[in-house]
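The block underneath contains the structure these notes are about, expressed in structure tokens.
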Amino acid sequence: MSFNCKRVDELPLILNVKDVMSILRISKTNTYALFNRSDFPTINIGRRKMVSKEKFLKWLDSQTNVTFSREVI
């Protein structure tokens with residue numbers, strides 16, 4: 001999935017794995033690793049993992065001074 005969004009307010013209210021993968025432009029494997037991190041604000045409904053746009057943006061903002069290893073992202 002590729003977003004045609006130019007602004008953050010055009011993103012869906014709830015983001016799924018494919019949405020986050022497209023937004024961050026990372027692999028599916030790295031996206032699932034991100035969704036399985038304890039500090040990532042996931043919503044679990046059955047086997048589906050999602051994240052609210054608001055919490056995703058807050059989490060992303062909090063990561064600005066964090067250095068990730070290649071294994072995580």
Side-chain angles (χ1 to χ4, degrees):
M1 171 184 269
S2 180
F3 285 106
N4 293 324
C5 300
K6 301 279 185 195
R7 300 182 339 215
V8 171
D9 63 338
E10 295 177 340
L11 292 171
L13 182 62
I14 302 294
L15 305 169
N16 61 29
V17 170
K18 288 182 180 182
D19 297 332
V20 173
M21 187 172 79
S22 179
I23 293 166
L24 296 179
R25 297 181 183 191
I26 60 176
S27 71
K28 190 177 201 178
T29 300
N30 284 333
T31 306
Y32 275 104
L34 177 63
F35 270 76
N36 287 315
R37 286 176 45 160
S38 61
D39 68 327
F40 192 74
T42 57
I43 300 166
N44 296 312
I45 300 178
R47 295 178 57 193
R48 294 193 65 190
K49 293 185 180 240
M50 295 169 272
V51 60
S52 75
K53 173 176 67 172
E54 179 184 331
K55 293 201 181 211
F56 172 70
L57 294 173
K58 284 182 183 178
W59 176 86
L60 190 59
D61 187 51
S62 74
Q63 303 304 304
T64 56
N65 293 322
V66 175
T67 303
F68 292 106
S69 70
R70 289 183 177 254
E71 296 174 1
V72 177
I73 291 187

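Residue numbers count from 1 along this sequence. Because the structure is a prediction, the values reported are computed rather than measured.
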request  = Looking only at non-hydrogen atoms, find the nearest pair between Ser27 and Asn30 and report the distance.
outcome  = OG-N, 3.1 Å

message = Minimum heavy-atom separation for Leu15 and Phe56, please, with both atom names.
response =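 Nearest pair, atom of Leu15 first, then Phe56: CD1-CD2, 3.6 Å.
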
task = Apply side-chain contact (heavy atoms from CB on, under 4.5 Å) to Ile23 and Leu60, showing your working.
result = CA-CA 11 Å; Ile23 293 166; Leu60 190 59; 5.6 Å; no

ask   = With Asp39, which residues qualify under salt bridge (charged side-chain N to carboxylate O under 4.0 Å, His left out), at least two apart?
value = Arg37

request  = Identify, with sequence neighbours excluded, every residue that meets salt bridge (charged side-chain N to carboxylate O under 4.0 Å, His left out) alongside Lys58.
outcome  =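 Partners of Lys58 under the salt bridge (charged side-chain N to carboxylate O under 4.0 Å, His left out) test: Glu54.
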
Non-neighbouring partners of [X] that pass side chain to side chain donor-acceptor pair (under 3.5 Å), sequence neighbours left out:
X     : value
Lys53 : none
Asp61 : none
Ser52 : none

ask   = Between Val20 and Leu11, is there a shared hydrophobic cluster once you connect ILVMFWY residues whose side-chain heavy atoms come closer than 4.5 Å?
value = yes

inquiry  = Applying a strict under-4.5 Å side-chain criterion to I, L, V, M, F, W and Y, I'd like to know whether Ile14 and Phe35 cluster together.
reply    =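 No, no single cluster joins them.
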
Could you go through residues 40-50 and list every donor-acceptor pair under 3.5 Å that involves a side-chain atom there, pairing it with any protein atom two or more places apart or in another chain?
from: Lys49; atom 1: NZ; to: Asn36; atom 2: OD1; distance (Å): 2.8

